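Every value quoted in this text rests on a predicted model; they were computed, and no experiment measured them. A, B, ... follow the sequence lines: proteins, then strands. Residue 1 opens every chain.
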Amino acid sequence: MPELPEVETVARGVNRRVRGDRIVQAWFGKRPQTFKTPPSRQAKGLAGRTILAVHRTGKHIVFELGAEASAAAPDAQWIVHLGMTGRLLVATPDAPVAPHTHARIDLASGNELRFVDPRRFGRLEFRNLRGKGDAAFEAPGAEPLTIGAVAFAELFSQRKMPIKAALLNQSLLAGVGNIYADESLFQAGIRPRRRSNRLNAAELERLRLALRQILLHAIRLGGSSVSDYVDAEGESGFFQLEHCVYQRTGEPCRRCQTPIRRIELAGRGTHYCPICQR
DNA sequence: CATTTCACCTGGTGGC
DNA sequence: TGCCACCAGGTGAAAT
C-alpha cells in the first residue's frame with residue numbers, strides 16, 4: 001500500500017500514541033517471510049525497552065528504543081516496512097484481532113501495537129545498536145522532501161532507464177512509489193517513458209518541485225487510501241480524491257479532458273495524459 | 001555494473 | 001451465485 005505520505009502518516013500517528021511507552025512483551029506469528037530478524041530475537045530485544053521516538057525514513061518506520069525512558073540515545077531500533085498491504089495499528093487489547101496479524105506488542109500503558117499484513121510483503125527487523133557491526137538503519141536513497149536541485153539532477157542525469165523506473169528505484173530516492181511517481185510526472189508534464197538522461201535541467205527541477213509539493217500535500221491529507229490503506233488509528237486518507245492520473249484510465253484529464261492512458265512500465269501500471277505530458 | 005523481469009502472497013473486482 | 005482472469009500501493013533476486 002504505502003508510499004512516503006502514508007508511511008509518514010502512520011509513523012506520526014504511532015509516535016503520538018506510543019512515544020515514551022514501555023514494551024512489556026511481544027508476540028510474533030510464524031510466517032518466516034515476515035521477519036528480517038528471527039522473531040525470537042525480536043521478542044527478546046523488544047521486551048523491557050522504552051520507545052523513545054517513532055519516525056519515517058524512506059518507506060521504513062523506525063522505532064528508536066532505549067533501556068529506560070531517560071536514555072539519552074537509543075540502544076536499539078525496531079524497523080517496520082509495510083510492503084503492499086501492511087498496517088501498523090495502535091489498539092486496545094479487547095479490540096478483535098484481525099486476520100493476518102503477525103505481531104502484537106503489549107505496552108505498559110495498556111495499549112497494544114499490532115502489525116497486520118495479508119499479502120506478507122512487509123518486513124520486521126530488530127537492530128541492536130550496541131552489538132558488534134550493527135549500525136543504525138539508513139535508507140539507501142535520498143529523501144525526496146529535502147534533496148536539493150543539484151543532488152536531484154545528479155541522481156537522474158546519468159541514468160538511461162525511463163524516468164518513472166528511476167523514480168521508483170529506492171536506492172536513488174527513498175519513498176516514492178507507483179502513485180506518487182505517476183502523479184509527480186503528470187504535474188511536471190513529463191512522459192513516464194522518457195529516458196532519465198534525456199531530461200533537461202528545467203524538466204528535472206520541475207519534477208523535483210512537483211514531487212515535493214505533491215508529497216507534502218498528500219501528507220497533509222493523510223495519504224492515499226486506494227484499497228485498504230489506513231493510518232495508526234484505522235482512519236483513511238483523502239489524497240486519492242485528488243489523483244490526476246493514477247488509476248484514472250479512460251477518464252478525462254483534469255487539465256485538458258483527454259482520456260488518461262494506461263501502459264505497463266517497469267512491471268507496473270503507469271498512467272499519464274498524452275497531451276499534458278511530453 | 002546497469003537495467004529488466006519475475007517471484008513472492010492474498011483479496012477484491014468485474015466479466016461471463 | 002460461481003468461476004476465472006486480472007489487478008493491486010513493494011522489493012530483491014535472477015536474468016540479460
Side-chain angles (χ1 to χ4, degrees), chain A residues 1-11 29-36 56-61 79-88 98-102 115-125 137-141 144 154-186 192-198 211 214-215 218-219 221-231 236-250 260-271:
Chain A
M1 55 167 205
E3 308 179 27
L4 187 151
E6 293 77 31
V7 179
E8 178 71 29
T9 302
V10 172
K30 296 215 176 343
R31 301 302 195 120
Q33 194 196 188
T34 304
F35 305 105
K36 240 175 140 169
R56 174 197 64 79
T57 300
K59 291 176 190 168
H60 299 262
I61 299 167
I79 295 142
V80 177
H81 193 294
L82 299 174
M84 291 267 259
T85 53
R87 296 179 174 194
L88 193 61
H100 308 292
T101 297
H102 305 302
F115 177 69
V116 182
D117 183 15
R119 278 176 82 181
R120 283 185 267 133
F121 289 167
R123 293 291 180 273
L124 303 178
E125 177 184 5
F137 176 80
E138 278 184 71
E154 277 173 1
L155 284 182
F156 298 104
S157 55
Q158 300 295 96
R159 304 266 154 185
K160 292 183 182 164
M161 63 172 82
I163 184 61
K164 163 144 180 190
L167 284 172
L168 293 176
N169 184 338
Q170 300 296 297
S171 63
L172 299 176
L173 283 182
V176 182
N178 208 31
I179 295 176
Y180 299 99
D182 280 6
E183 293 296 321
S184 62
L185 286 168
F186 172 79
R193 273 208 230 268
R194 294 268 306 280
R195 302 265 150 193
S196 303
N197 61 355
R198 306 295 293 274
L211 183 58
I214 284 170
L215 293 173
I219 291 169
L221 295 185
S224 299
S225 290
V226 171
S227 60
D228 52 11
Y229 161 75
V230 292
D231 67 15
S236 293
F238 293 94
F239 190 71
Q240 69 280 5
L241 302 173
E242 304 203 9
H243 291 172
C244 289
V245 289
Y246 179 74
Q247 284 197 347
R248 294 192 68 243
T249 310
I260 298 302
R261 273 187 202 164
R262 181 186 189 279
I263 57 173
E264 180 152 324
L265 200 164
R268 319 298 301 278
T270 297
H271 315 77

Indicate whether OP1 or OP2 belonging to [N] is found under 4.0 Å from a side-chain N or O atom of [X].
| X | N | value |
| --- | --- | --- |
| A/Gln170 | C/dG10 | no |
| A/Lys59 | C/dT11 | yes |
| A/His100 | B/dG11 | yes |

*asked:* I'd like to know if the side chain of A/Thr270 pairs up with that of A/Lys164 as donor and acceptor (distance under 3.5 Å, no hydrogens or angles considered).
replied: yes
- Aromatic rings A/His100 and A/His102: how do their planes relate, parallel, tilted or perpendicular, breaks at 30° and 60°? tilted
- Task: Specify whether A/His60 and A/His81 have parallel, tilted or perpendicular ring planes, treating 30° as the upper limit for parallel and 60° as the lower limit for perpendicular.
- Result: perpendicular
Over how many whole Å does the gap from [X] atom [atom1] to [N] atom [atom2] extend?
| X | N | atom1 | atom2 | value |
| --- | --- | --- | --- | --- |
| A/Arg195 | B/dT3 | CZ | P | 9 Å |
| A/Lys160 | B/dC1 | NZ | P | 16 Å |
| A/Tyr246 | C/dC7 | OH | C1' | 9 Å |
| A/Arg193 | B/dT4 | CZ | C1' | 14 Å |
| A/Arg268 | B/dT3 | CZ | P | 18 Å |
| A/Met161 | B/dT5 | CE | P | 12 Å |
| A/Arg123 | C/dT11 | CZ | C1' | 8 Å |
| A/Asn169 | B/dT5 | CG | P | 15 Å |

Can you tell me, in whole Å, how much space there is between the [atom1] of [N] and that of [M]?
| N | M | atom1 | answer |
| --- | --- | --- | --- |
| B/dG12 | C/dT11 | C1' | 22 Å |
| B/dA7 | C/dC6 | P | 15 Å |
| B/dC9 | C/dA14 | P | 15 Å |

I want to verify a distance call: between [options], whose nearest atom is closest to the [X] side chain?
| X | options | answer |
| --- | --- | --- |
| A/His81 | B/dT10, C/dA8, C/dG10 | C/dG10 |
| A/Gln247 | C/dA8, B/dG11, C/dG10 | C/dA8 |
| A/Pro118 | C/dT11, B/dG11, B/dT4 | B/dG11 |
| A/Lys36 | C/dT11, C/dG12, B/dT4 | C/dG12 |

Inset, instruction - Go through the N and O atoms of the side chain of A/Arg159 and the base of B/dA2, and report whether any donor-acceptor pair is under 3.5 Å. - result: no
**Prompt:** Does the base of B/dC9 carry an N or O that pairs as donor and acceptor with the side chain of A/Arg119 under 3.5 Å?
**Reply:** yes
Exercise for review: Select base, sugar-phosphate, or nothing to describe what A/Gly267 touches, counting heavy atoms under 4.0 Å on all strands.
Suggested key: nothing
(request) For A/Pro162, answer base if it contacts any base atom (sugar-phosphate contacts may also be present), sugar-phosphate if it contacts only those atoms, and nothing otherwise; contact means non-hydrogen atoms under 4.0 Å. (result) sugar-phosphate
Task: Near-ring test A/Tyr180/A/Phe239, centroid separation under 6.0 angstrom - done: yes
Applying the 3.5 Å cut-off to both distances, the Watson-Crick or G-U partner of C/dG2 turns out to be B/dC16
Ring centres within less than 5.5 Å and planes less than 30° apart: is that true of A/Phe121 and B/dC8 in this structure?
yes
Query - Pair A/Asp117 + A/Arg87, salt bridge at N-O below 4.0 Å - result: no
Below 4.5 Å, heavy atoms only, C-beta onward: do A/Pro5 and A/Glu3 meet side chain to side chain? yes
